[in-house]
Amino acid sequence: MVTVKQVQSKSDLKDFVKFPFSLYKGSPYWVPPIIKDEMESFDKSKNPVFENAEAEFFLAYKDNKIVGRIAAIINWLEVNDQGLKKMRFGWFDFVDDFEVSKALLDKVREIGIANQLDYMEGPVGFSNLDKVGVLIEGFDHIGTMITWYNHPYYQKHYEHHGLVKEKEYLENKFPAANADPKLFEKANELIKKRYGLREMNFEKSADIMPWVDKMFDLFNESYARLSSFVRITDIQKEYFKKKYISFINPEFIKFVVDEEDNLVAFAIVMPSFSEALQKANGKLFPFGVFHLLNAKKNSKDVIFYLIGIHPKYQNKGVTAVIFNEYHHTFKKRGVVNCIRTPELEENVAIRQMWKHFDPVTHKRRRTYKKEL
């Protein structure tokens with residue numbers, strides 16, 4: 001018999017965070033989070049997403065052993081501003097037992113009905129900067145710190161319980177050597193001259209900070225048309241600024257501005273921390289922090305985390321300016337592989353942007369939906 005209990009205490013929450021450590025023990029592909037950071041992201045007094053969202057966390061037990069977990073989430077910005085009566089769920093992990101997965105999904109359904117919502121969708125996080133999608137292809141590739149990994153049996157559980165495909169996301173990668181400078185060096189100069197643009201590079205995180213709010217404003221404007229988009233609020237900007245920006249190599253952040261110093265495009269690339277996080281195994285101390293710092297300095301794999309272009313400049317070749325700058329940085333740093341974060345299958349514009357790099361789709365993931 002399966003029993004589902006709501007997370008009530010800090011000890012319960014730690015059990016929630018640590019469950020995947022046993023579920024994926026020994027996997028060469030699963031990338032563990034830092035336990036302390038994961039705990040803080042669920043702390044309603046620390047994560048500003050809870051200004052506009054609420055969540056309940058559940059653990060499933062069988063024979064007095066934890067066998068599954070799920071987060072039931074309502075983003076009220078999405079419900080009220082966009083009119084999407086969606087019940088979100090995420091951090092959904094479970095053993096290969098249909099009774100377990102059903103019991104957890106039933107909790108999400110109950111909350112959705114109680115709040116008069118129309119449907120449930122997952123796995124998703126609180127916002128667009130969280131992890132998204134259940135992996136359906138690419139199980140033999142190492143994960144990243146910004147994606148979920150899961151066992152192959154997950155998909156059959158979603159479909160067995162009557163959930164249907166809602167959105168599909170593609171993950172692509174390409175060798176840095178594919179970034180032939182001939183493709184963008186000339187275009188770079190032409191685009192800058194035609195539109196009065198210039199690139200901005202950084203050596204210190206402190207120099208980036210005055211621009212971060214503008215960057216998130218541009219992010220909101222760039223992605224507003226996508227069906228899954230929920231805007232980032234001012235309080236979230238401050239949170240992400242403190243938590244993430246100082247952690248990213250300054251030379252991996254590129255801006256493009258116009259003649260009046262208005263930000264028209266940005267890109268954020270991160271070193272791959274996957275192997276370092278596997279070595280850290282959820283803990284920063286005593287040695288985890290050294291693995292992460294080493295990866296920040298020496299990783300030869302990078303992840304294209306975010307790219308935003310003002311709607312006025314989309315389809316005008318501004319990415320040539322960004323790629324030209326990254327070519328110089330990657331060459332200097334000896335970068336070997338470029339990995340892209342999950343991108344909506346429906347986002348044709350982003351695929352067009354990368355076509356000259358001969359990317360290979362190595363993973364696919366989905367969100368699933370069910371009417372309440």
Side-chain angles (χ1 to χ4, degrees), residues 34 36-37 40 46 48 129 144-146 176 179 181 184-185 188 192 196-222 232 234-277 280 284-285 288-310 313 318-341:
I34 296 299
K36 179 176 179 291
D37 285 350
E40 287 185 0
K46 294 182 179 179
L129 293 182
T144 70
M145 68 180 294
I146 51 179
F184 42 77
E185 278 184 340
N188 165 57
K192 288 194 292 186
L197 305 177
R198 65 180 175 87
E199 70 280 353
M200 290 187 68
N201 291 293
F202 301 95
E203 295 182 358
K204 296 184 294 184
S205 296
D207 295 334
I208 302 169
M209 290 304 180
W211 291 86
V212 174
D213 285 350
K214 294 179 182 179
M215 183 187 74
F216 282 123
D217 288 340
L218 181 55
F219 173 81
N220 282 338
E221 199 163 0
S222 301
I232 299 171
D234 289 342
I235 193 169
Q236 285 176 283
K237 292 175 192 174
E238 289 300 315
Y239 177 74
F240 290 126
K241 186 188 301 185
K242 292 175 183 177
K243 188 171 183 179
Y244 295 115
I245 298 300
S246 61
F247 194 63
I248 299 171
N249 304 40
E251 65 268 39
F252 283 173
I253 296 180
K254 308 293 184 184
F255 289 170
V256 180
V257 298
D258 65 14
E259 291 174 321
E260 297 176 352
D261 282 346
N262 296 308
L263 187 63
V264 303
F266 75 90
I268 298 177
V269 166
M270 300 171 60
S272 173
F273 292 103
S274 297
E275 292 182 7
L277 286 166
L284 284 175
F285 301 101
V289 67
F290 296 107
H291 296 308
L292 293 173
L293 289 173
N294 182 58
K296 181 179 179 180
K297 183 178 180 181
N298 297 311
S299 177
K300 302 306 179 187
D301 295 344
V302 297
I303 300 170
F304 276 83
Y305 181 45
L306 283 178
I307 291 182
I309 300 172
H310 192 284
Y313 289 92
V318 177
T319 50
V321 182
I322 292 173
F323 291 146
N324 187 65
E325 297 308 310
Y326 276 125
H327 172 69
H328 296 307
T329 301
F330 291 171
K331 188 175 180 180
K332 178 181 176 183
R333 292 288 298 261
V335 169
V336 175
N337 295 304
C338 299
I339 304 160
R340 284 152 51 195
T341 51

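If you read the sequence from its start, that first residue is 1, and numbering goes on from there.
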Exercise for review: For D301 and I339, work out which heavy atoms get closest and say how close.
Suggested key: CB-CD1, 4.4 Å
Point to revise | Closest non-hydrogen atom pair between A265 and L263, with its separation | key: O-CD1, 3.4 Å
Revision key, fill the gap. Smallest heavy-atom separation, V318 atom then V256 atom, equals CG1-CG1, 4.2 Å
Point to revise | T341 and T144: CA distance, side-chain angles, deciding distance, side-chain contact (heavy atoms from CB on, under 4.5 Å) verdict | key: CA-CA 9 Å; T341 51; T144 70; 6.0 Å; no
Check: residues 202-211 side-chain donor-acceptor pairs under 3.5 Å, at least two apart:
none

Review point. How many angstroms lie between CD1 in I303 and CZ in F273, if you round to the nearest 0.5 Å?
Key: 8.5 Å
Review point. Does NZ in K300 sit with more than 12 non-hydrogen atoms of other residues, nucleotides or ligands closer than 6.0 Å?
Key: yes
**Study point:** Nearest atoms (heavy-atom pairs only) where H327 meets A179
**Key:** ND1-O, 3.7 Å
Check your understanding: Quick check: does any side chain N or O of N324 sit under 3.5 Å from a backbone N or O of F184, one acting as donor and the other as acceptor?
Key -> no
Point to revise | Closest non-hydrogen atom pair between H291 and A280, with its separation | key: CD2-N, 4.1 Å
**Study point:** From I309 atom CD1 to T319 atom OG1, the distance as rounded to the nearest 0.5 Å
**Key:** 5.5 Å
Check your understanding: Heavy atoms, side chains only, cut-off 4.5 Å: are V212 and K237 in contact?
Key -> no
Practice item. With sequence neighbours left out, write down each residue that passes ring-ring contact (aromatic ring centres under 6.0 Å, His included) with F290, or none if nothing qualifies. Key: none
Point to revise | Worked verdict on E251 versus R333 for salt bridge (Lys or Arg N to Asp or Glu O under 4.0 Å) | key: CA-CA 10 Å; E251 65 268 39; R333 292 288 298 261; 2.4 Å; yes
Practice item. Rounded to the nearest 0.5 Å, what's the gap from CG on L306 to CE on M270? Could you check? Key: 9.5 Å
Exercise for review: Only counting residues at least two apart or in another chain, list the ones meeting side chain to side chain donor-acceptor pair (under 3.5 Å) with Y239.
Suggested key: K243
**Study point:** Derivation and outcome, side-chain contact (heavy atoms from CB on, under 4.5 Å), residues F330 and C338
**Key:** CA-CA 10 Å; F330 291 171; C338 299; 3.8 Å; yes
Practice item. Please work out which of the three classes, parallel, tilted or perpendicular, describes the rings of F266 and F219, given edges at 30° and 60°. Key: tilted
Revision key, fill the gap. Only residue of V302, I248, I322 satisfying side-chain contact (heavy atoms from CB on, under 4.5 Å) with V269 is V302
Check your understanding: From I245 CD1 over to M215 CE, what is the distance, rounded to the nearest 0.5 angstrom?
Key -> 4.0 Å
Point to revise | Pair K214 + D217: basic N to acidic O under 4.0 Å | key: no
Check your understanding: Shortest non-hydrogen contact from D213 to K241?
Key -> OD1-NZ, 3.4 Å
Check your understanding: Taking atom CD1 of I253 and atom OG1 of T329, what is their separation to the nearest 0.5 Å?
Key -> 11.5 Å
Review point. In Å and rounded to the nearest 0.5 Å, what is the OH to CG distance from Y326 to N201?
Key: 9.0 Å
Check your understanding: So with a 6.0 Å cut-off around CD of E275, is the heavy-atom count from everything else above 12?
Key -> no
Point to revise | Full working for side-chain contact (heavy atoms from CB on, under 4.5 Å) between K254 and E199 | key: CA-CA 7 Å; K254 308 293 184 184; E199 70 280 353; over 6 Å; no
